[in-house]
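One structure below.
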Amino acid sequence: MKGTKLTPQREAVYEVIRERADHPTASDIFEAARKRLPGISYATVYNSLRYLKEAGLVHEISFGDSASRYDGVMERHDHAICNQCGKLVDLDMPEAAKLMPAAAQKSRFRPQSVHFTLRGVCPDCCGPQ
Ligand code: ZN
Ligand code: MN
């Protein structure tokens with residue numbers, strides 16, 4: 001990471017997010033971070049997440065009233081989420097970005113990003129076909 005010096009706590013939180021592809025929640029991150037730094041508190045993890053987000057190192061993905069998920073992949077990409085088990089996986093739908101001009105025109109917003117999220121039932125929850 002160029003030019004940024006993280007505290008050991010922030011470093012541990014950042015590494016947990018970067019090493020996992022499952023978009024963990026704050027409590028998942030806390031459980032994993034305390035294995036690296038046994039003294040770390042939930043509040044410290046939470047504050048580290050806020051710091052990393054503001055520093056542009058992680059993304060927070062929020063879904064209404066369910067727990068936010070954290071993503072260490074900063075390149076534009078899309079997601080699919082399972083309505084049954086909450087599994088959140090990456091996928092790339094470059095077509096989604098192409099809808100931005102039309103969406104901007106309809107909303108009269110100045111656009112910054114477009115993300116596609118598929119909601120459904122994952123292969124594990126579908127069971128054997
Ligand atoms: Zn599932
Ligand atoms: Mn992702």
Side-chain angles (χ1 to χ4, degrees):
M1 209 169 23
K2 293 178 222 112
T4 321
K5 189 98 176 79
L6 294 177
T7 63
Q9 290 83 3
R10 289 170 180 171
E11 184 83 50
V13 168
Y14 185 55
E15 277 174 10
V16 166
I17 298 169
R18 295 281 299 186
E19 282 172 11
R20 302 168 57 139
D22 65 343
H23 306 84
T25 64
S27 40
D28 296 333
I29 295 163
F30 174 53
E31 289 309 320
R34 70 198 301 196
K35 292 189 182 116
R36 294 160 186 261
L37 288 179
I40 199 167
S41 69
Y42 187 81
T44 299
V45 169
Y46 200 82
N47 290 333
S48 299
L49 287 170
R50 201 175 54 191
Y51 175 87
L52 292 169
K53 200 175 91 173
E54 283 167 7
L57 295 172
V58 305
H59 270 307
E60 179 180 5
I61 308 171
S62 33
F63 296 102
D65 51 7
S66 55
S68 286
R69 310 281 288 260
Y70 292 88
D71 194 340
V73 175
M74 300 306 283
E75 296 77 34
R76 202 211 76 82
H77 65 286
D78 304 283
H79 292 104
I81 183 164
C82 177
N83 285 330
Q84 284 182 28
C85 70
K87 182 184 295 159
L88 179 56
V89 300
D90 288 333
L91 57 106
D92 191 21
M93 295 291 292
E95 299 86 351
K98 294 185 186 146
L99 293 171
M100 197 151 86
Q105 198 171 29
K106 288 187 185 195
S107 64
R108 302 172 65 204
F109 276 40
R110 182 165 53 86
Q112 292 178 327
S113 63
V114 174
H115 295 100
F116 175 84
T117 304
L118 175 73
R119 286 181 170 274
V121 182
C122 77
D124 292 340
C125 291
C126 283
Q129 296 296 307

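As the structure lists them, so they are numbered: ligands from 1, and atoms in each ligand from 1.
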Name of the [X] atom (N/O/S only) found closest to the Mn ion (ligand 2):
{"X": "His77", "value": "NE2"}
{"X": "Asp71", "value": "OD2"}
{"X": "His79", "value": "NE2"}

Given 3.5 Å as the limit, does a donor-acceptor pair link the side chain of [X] with the main chain of [Y], or not?
{"X": "Arg10", "Y": "Lys5", "value": "no"}
{"X": "Arg20", "Y": "Ile29", "value": "no"}
{"X": "Arg69", "Y": "Asp22", "value": "yes"}

Can you give me the SG-the Zn ion (ligand 1)-SG angle for Cys82 and Cys85, to 10°?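 Output for this angle: 110°, rounded to tens.
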Give, rounded to 10 degrees, the angle between SG (Cys125) and SG (Cys122) as seen from the Zn ion (ligand 1).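 Nearest ten degrees: 110°.
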N, O or S atom of His59 closer to the Mn ion (ligand 2) than 2.8 Å: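 It does not: His59 brings no N, O or S atom closer than 2.8 Å to the Mn ion (ligand 2).
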How many degrees, to 10°, between Asp90 OD1 and His23 NE2 as seen from the Mn ion (ligand 2)?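 Output for this angle: 80°, rounded to tens.
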Do Leu6 and Val13 have side-chain heavy atoms sitting under 4.5 Å apart?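 No - every pair of side-chain heavy atoms lies 4.5 Å or more apart.
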Among Arg119, His23, His115, which residue meets the side-chain contact (heavy atoms from CB on, under 4.5 Å) test with His79?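 Result: among Arg119, His23, His115, His23 is the only option passing the side-chain contact (heavy atoms from CB on, under 4.5 Å) with His79.
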Run the side chain to side chain donor-acceptor pair (under 3.5 Å) check on Ser68 and Glu60 step by step: do they pass? CA-CA 6 Å; Ser68 286; Glu60 179 180 5; 2.6 Å; yes
